[in-house]
Amino acid sequence: RAQYEIIAVEKHRGEPMAGGREFLVLWAPCMENNFAVDERTWESEAQLREDGVSLDEYLARAFPVRQEGSRRSARLSSST
């Protein structure tokens with residue numbers, strides 16, 4: 001599906017350690033999908049990466065990294 005345009009990666013399911021994740025992809029309208037504006041399919045992480053799709057932006061939003069100086073560590077240091 002490398003020749004098709006992805007509008008968005010909307011959701012994911014599954015776990016990396018349990019056989020891999022799948023991602024819900026919203027495809028751009030094209031002749032092959034009869035210009036459907038709402039075509040979505042579940043695609044494997046392996047297939048998307050093989051097709052050259054970067055999932056980094058989606059994964060960063062889905063799994064934000066806690067930054068140092070979070071409220072919890074600030075609360076712990078102020079109680080001492």
Side-chain angles (χ1 to χ4, degrees):
R1 279 194 111 136
Q3 69 271 24
Y4 303 117
E5 182 182 352
I6 293 175
I7 293 176
V9 176
E10 298 181 331
K11 296 180 185 180
H12 69 277
R13 64 184 180 190
E15 296 296 327
M17 300 300 185
R21 287 186 279 235
E22 291 183 313
F23 294 86
L24 185 61
V25 173
L26 173 61
W27 298 99
C30 64
M31 195 162 49
E32 285 80 11
N33 68 9
N34 294 319
F35 296 96
V37 295
D38 61 351
E39 182 185 8
R40 290 170 174 83
T41 59
W42 287 98
E43 302 291 333
S44 72
E45 181 172 5
Q47 184 62 54
L48 290 170
R49 291 194 186 277
E50 184 179 307
D51 287 346
V53 175
S54 173
L55 297 167
D56 296 341
E57 185 178 322
Y58 171 82
L59 292 171
R61 284 192 323 267
F63 303 102
V65 176
R66 293 191 72 169
Q67 296 182 4
E68 288 193 39
S70 68
R71 277 189 270 160
R72 182 165 191 251
S73 50
R75 188 175 52 219
L76 290 174
S77 62
S78 65
S79 65
T80 56

For this session: Indicate the atoms forming the closest heavy-atom contact of Trp42 with Arg13, along with that distance.
Result: CG-NH2, 3.3 Å
For this session: Group every Ile, Leu, Val, Met, Phe, Trp and Tyr by side-chain heavy-atom contacts under 4.5 Å, then state whether Tyr4 and Ile7 land in the same group.
Result: no
Exercise. What is the distance from atom CD of Glu43 to atom CH2 of Trp27, rounded to the nearest 0.5 Å?
Worked result: 5.0 Å
Problem set entry | Point-to-point distance, once rounded to the nearest 0.5 Å, from CZ of Arg40 to NZ of Lys11 | 9.0 Å
Problem set entry | Ile6 vs Leu48, side chain to side chain contact (heavy atoms under 4.5 Å, CB included): CA-CA, chis, key distance, verdict | CA-CA 10 Å; Ile6 293 175; Leu48 290 170; 4.2 Å; yes
For this session: Indicate, with yes or no, if Val53 and Leu59 share a hydrophobic cluster defined by side-chain heavy-atom contacts under 4.5 Å among Ile, Leu, Val, Met, Phe, Trp and Tyr.
Result: yes
Exercise. When rounded to the nearest 0.5 angstrom, what is the spacing between CD in Glu10 and CG in Leu26?
Worked result: 5.0 Å
Problem set entry | Reported OG-to-CZ distance for the pair Ser44 and Arg21, which is rounded to 0.5 angstrom | 12.0 Å
For this session: Measure the spacing between CG of Asn33 and OG1 of Thr41 and express it to the nearest 0.5 Å.
Result: 10.0 Å
For this session: On the 0 to 90° scale, with breaks at 30° and 60°, tag the His12-Phe63 ring pair as parallel, tilted or perpendicular.
Result: tilted
